[in-house]
There are 2 protein chains.
Amino acid sequence: MAGVSLGSRPTVKDVAAAAGVSATTVSRVLAGNYPVSASTRKRVLRAVQDLDYVINAQARALVGGTTRTVAFIIRDLVGPLFAYIGQGVEQQATAEGRVCLVCTHHGDADRELELIELMREQQAEAVVLVGGGLRTPEHLERMAQIARSLERVGSRLVLCGRPPIGPDVPATVVEYDNEGGAFAVTNYLLSLGHRRIAFIGAAEPEHTTTSARFDGFTRAHAAHGLTVDPSLVAGGTFDRESGYRQTKALLTRDTGMTAVVGITDIVASGVLAALHEAGLRVPEDISVAGYDDIPMSADLNPPLTTVHIPHEELGRSAVRLALHRDDYAQDQHLMLGTHVVIRKSTAPPRER
Amino acid sequence: MAGVSLGSRPTVKDVAAAAGVSATTVSRVLAGNYPVSASTRKRVLRAVQDLDYVINAQARALVGGTTRTVAFIIRDLVGPLFAYIGQGVEQQATAEGRVCLVCTHHGDADRELELIELMREQQAEAVVLVGGGLRTPEHLERMAQIARSLERVGSRLVLCGRPPIGPDVPATVVEYDNEGGAFAVTNYLLSLGHRRIAFIGAAEPEHTTTSARFDGFTRAHAAHGLTVDPSLVAGGTFDRESGYRQTKALLTRDTGMTAVVGITDIVASGVLAALHEAGLRVPEDISVAGYDDIPMSADLNPPLTTVHIPHEELGRSAVRLALHRDDYAQDQHLMLGTHVVIRKSTAPPRER
DNA sequence: GGCAGCATAGTTAACGTTTTCTACACGGAG
DNA sequence: CTCCGTGTAGAAAACGTTAACTATGCTGCC
């Protein structure tokens with residue numbers, strides 16, 4: 001490692017000078033896309049090593065037109081949903097030779113816009129938005145605008161776990177079957193014999209995740225010739241505390257419920273806590289199901305019956321589709337399946 | 001939004017032409033670092049809006065010399081340790097106006113090297129390495145070389161949760177008191193009256209995390225005038241399965257143990273599972289403690305006594321120190337405190 | 001022996017910014 | 001009336017790389 005000078009980064013020119021060749025030749029040796037004589041190549045590689053040279057990604061992107069960067073915008077880094085989707089995105093990005101930018105907006109819509117703008121500056125090849133969103137006309141219109149904005153600079157908007165924006169909006173969409181999963185798990189409870197099933201966490205009808213899951217819940221009832229009793233439907237948010245509080249509230253009334261579906265596993269864990277506190281046994285006295293199949297679900301007491309989402313596959317597909325949109329031109333909308341995972345928190349209802 | 005053409009990204013020149021000024025003037029309006037008449041400014045801003053122009057971050061970095069990017073290299077995105085440290089890194093990076101690159105190496109040392117090389121190309125201002133590492137001479141030498149390599153291109157190596165490499169190695173180090181935490185939790189168990197305490201997960205004596213925690217365990221015994229019984233020390237890895245298996249193995253022998261310290265909370269959750277399976281009650285029959293205070297610990301059955309690590313603060317400090325190393329020139333080594341969190345998995349031992 | 005054709009290397013311009021230097025006009029002071 | 005400072009604007013060079021040309025020296029063929 002002789003000749004390494006501290007302070008300023010060596011450039012192609014420095015390498016060229018050290019090897020006694022031109023900058024072009026250095027570039028060619030490194031890219032390997034042009035014939036170079038063995039002896040020259042050797043000298044260049046030697047100089048690269050001596051100077052500890054690495055290419056300047058910015059300069060390369062400037063001339064090459066592509067940054068080999070995928071951006072990943074999400075609400076929060078904590079929370080179990082992120083990890084696996086993020087892992088999928090990162091893995092696929094890496095597999096495709098891209099690096100991965102990650103940003104969080106903590107639920108702040110303005111901040112999300114800022115981030116997208118930032119990614120437009122960064123020329124990210126794909127901008128992956130994770131998680132459900134609102135479905136109001138204004139929000140949809142704004143998303144459509146963003147999609148077009150990104151397209152204009154060569155980026156691709158990718159929606160991960162959220163339904164498409166509109167037919168003529170340039171975006172890649174990878175979602176999973178929210179409604180089907182809710183249908184399946186509710187159907188399972190109904191098949192066990194439950195007839196009074198509570199649904200916890202349906203406050204925002206405009207939120208795509210909320211509404212789809214509630215729709216599945218409703219459809220399963222319909223399929224059994226039943227209608228949902230509104231007094232068994234509780235609102236709330238997506239956290240454990242909410243599940244806990246809503247359950248407490250339901251227990252004070254004499255609802256006759258024999259099962260509870262939490263809108264997420266996190267909510268369901270709050271449900272379990274409230275039931276335990278009330279001295280009810282799960283599943284002997286009451287069954288509980290969740291949604292998401294986060295790792296923790298298997299460790300709850302009892303292990304939670306829930307709906308599995310292919311988190312990682314979601315992230316991988318998102319990146320894969322977006323980067324190969326020439327090949328997959330037809331089909332920039334993917335719907336992944338979900339399935340029920342039966343554990344110990346569900347059982348037939350007690351005899352009356 | 002008139003005049004927006006699809007396909008190719010507008011440049012300063014386009015904006016300049018649209019506004020009837022020079023590129024220089026556009027740059028000045030956007031940067032706001034030079035007097036520009038009000039009318040010109042207005043025209044330029046108007047053109048920027050019309051063309052939906054955003055700056056090209058690569059080009060700016062090329063001339064400006066700085067990318068405003070922080071890189072974040074970690075073993076895995078899944079696993080509870082990542083989330084909070086990552087959140088800290090991301091938050092601080094955002095607060096300092098930087099964007100955040102994230103890469104995983106899945107424990108592959110060569111891959112880690114590749115990633116660092118990649119970040120050198122990207123000119124990340126700081127390269128944060130998270131998690132413990134080996135402490136062999138070769139590994140240390142390699143890290144030292146990497147640190148100098150990064151320094152040469154203007155990047156800063158940041159070690160997060162790992163002790164310093166050496167005195168004259170240009171790196172920022174933010175660690176937490178692994179040994180002290182292990183001392184404290186062991187001391188707590190000893191104070192409760194336990195005398196036969198098992199330690200699970202100490203297989204790699206060269207791994208910094210492993211050795212520091214085991215050292216604390218040993219020192220606590222010494223402080224009580226005791227020595228550690230080697231038959232109570234089990235090796236293994238950092239996963240749940242390992243805790244489960246090692247505990248099973250210990251239970252087959254008649255060790256007389258009354259408490260178990262898991263090297264991580266994950267390991268401890270495996271310990272709990274094995275104990276439950278053996279029909280032992282926690283903490284009545286045997287006490288269990290973990291390390292890390294991951295969120296799940298509070299939801300285990302019973303809630304786990306453990307050692308709290310300031311995860312998020314770790315990440316924040318790492319970025320803060322690295323980006324302001326002129327101001328903090330003195331002190332590029334920070335040691336954060338840990339403390340015991342007492343929950344329900346520990347109690348005095350039963351009377352014999 | 002001259003010349004086509006190939007293998008190898010170099011020159012130059014371009015990518016989209018910012019920065020430094022230069023230019024121009026205007027107003028006031030001497 | 002000239003000269004200088006000030007406020008505003010533009011021209012040109014630079015950042016580090018690549019790609020499109022251009023140039024050179026061979027080899028081999030007629």
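Because the structure is a prediction, the values reported are computed rather than measured. Numbers restart at 1 for each chain; the letters A, B, ... are given by sequence-line order, proteins then strands.
Every pair passing side-chain hydrogen bond (donor to acceptor under 3.5 Å, both in side chains) that includes a residue from residues 15-25 of chain A is listed here, sequence neighbours excluded: A:Ser22-A:Thr25. Listed by first then second residue, pairs satisfying ring-ring contact (aromatic ring centres under 6.0 Å, His included) with a partner in residues 54-75 of chain B read B:Phe72-B:Phe82, not counting sequence neighbours.
A:Glu175 and A:Arg162 are not joined by a salt bridge, as no carboxylate oxygen comes within less than 4.0 angstrom of a charged side-chain nitrogen.
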Check the interface with nucleotides 17-21 of chain C: list each N/O to N/O pair with the protein under 3.5 Å, or write none.
residue	atom	partner	partner atom	Å
C:dT17	OP1	B:Tyr53	OH	2.8
C:dT17	OP1	B:Asn56	N	3.4
C:dT17	OP2	B:Val12	N	2.7
C:dT17	O5'	B:Tyr53	OH	3.3
C:dT18	OP1	B:Arg60	NH1	3.4
C:dT18	OP2	B:Ser27	OG	2.6
C:dT19	O4	B:Thr24	OG1	3.4

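When the side chain to side chain contact (heavy atoms under 4.5 Å, CB included) test is applied to B:Ala322, the partners found at least two apart in sequence or on another chain are B:Ala126, B:Arg156, B:Val158, B:Thr172. Taking the side chain to side chain contact (heavy atoms under 4.5 Å, CB included) definition, one finds that A:Thr94 meets it with A:Glu90, B:Arg111, sequence neighbours left out. In this structure A:Arg41 satisfies the side chain to side chain contact (heavy atoms under 4.5 Å, CB included) test together with A:Val29, A:Val36, A:Leu45, sequence neighbours excluded.
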What donor-acceptor contacts under 3.5 angstrom involve side-chain atoms of residues 53-64 of chain B, with partners at least two apart or in another chain?
residue	atom	partner	partner atom	Å
B:Asn56	OD1	B:Gln58	N	2.8
B:Asn56	OD1	B:Ala59	N	3.0

N/O donor to acceptor pairs below 3.5 angstrom from side-chain atoms of residues 127-144 of chain A, sequence neighbours left out:
residue	atom	partner	partner atom	Å
A:Arg135	NH2	A:Pro164	O	3.2
A:Thr136	OG1	A:His139	N	3.3
A:His139	ND1	A:Leu134	O	3.1

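Between D:dG10 and B:Thr25, a contact under 4.0 Å exists linking OP1 or OP2 to a side-chain N or O.
Separating the CG atom of A:Leu62 from the P atom of C:dC15 is a distance of 9 Å, rounded to the nearest angstrom.
When the C1' atoms of four end pairs are superposed on the next four at each end of the helix from C:dG1-D:dC30 to C:dG30-D:dC1, using five pairs per end, the two resulting axes differ in direction by 70°, to 10°.
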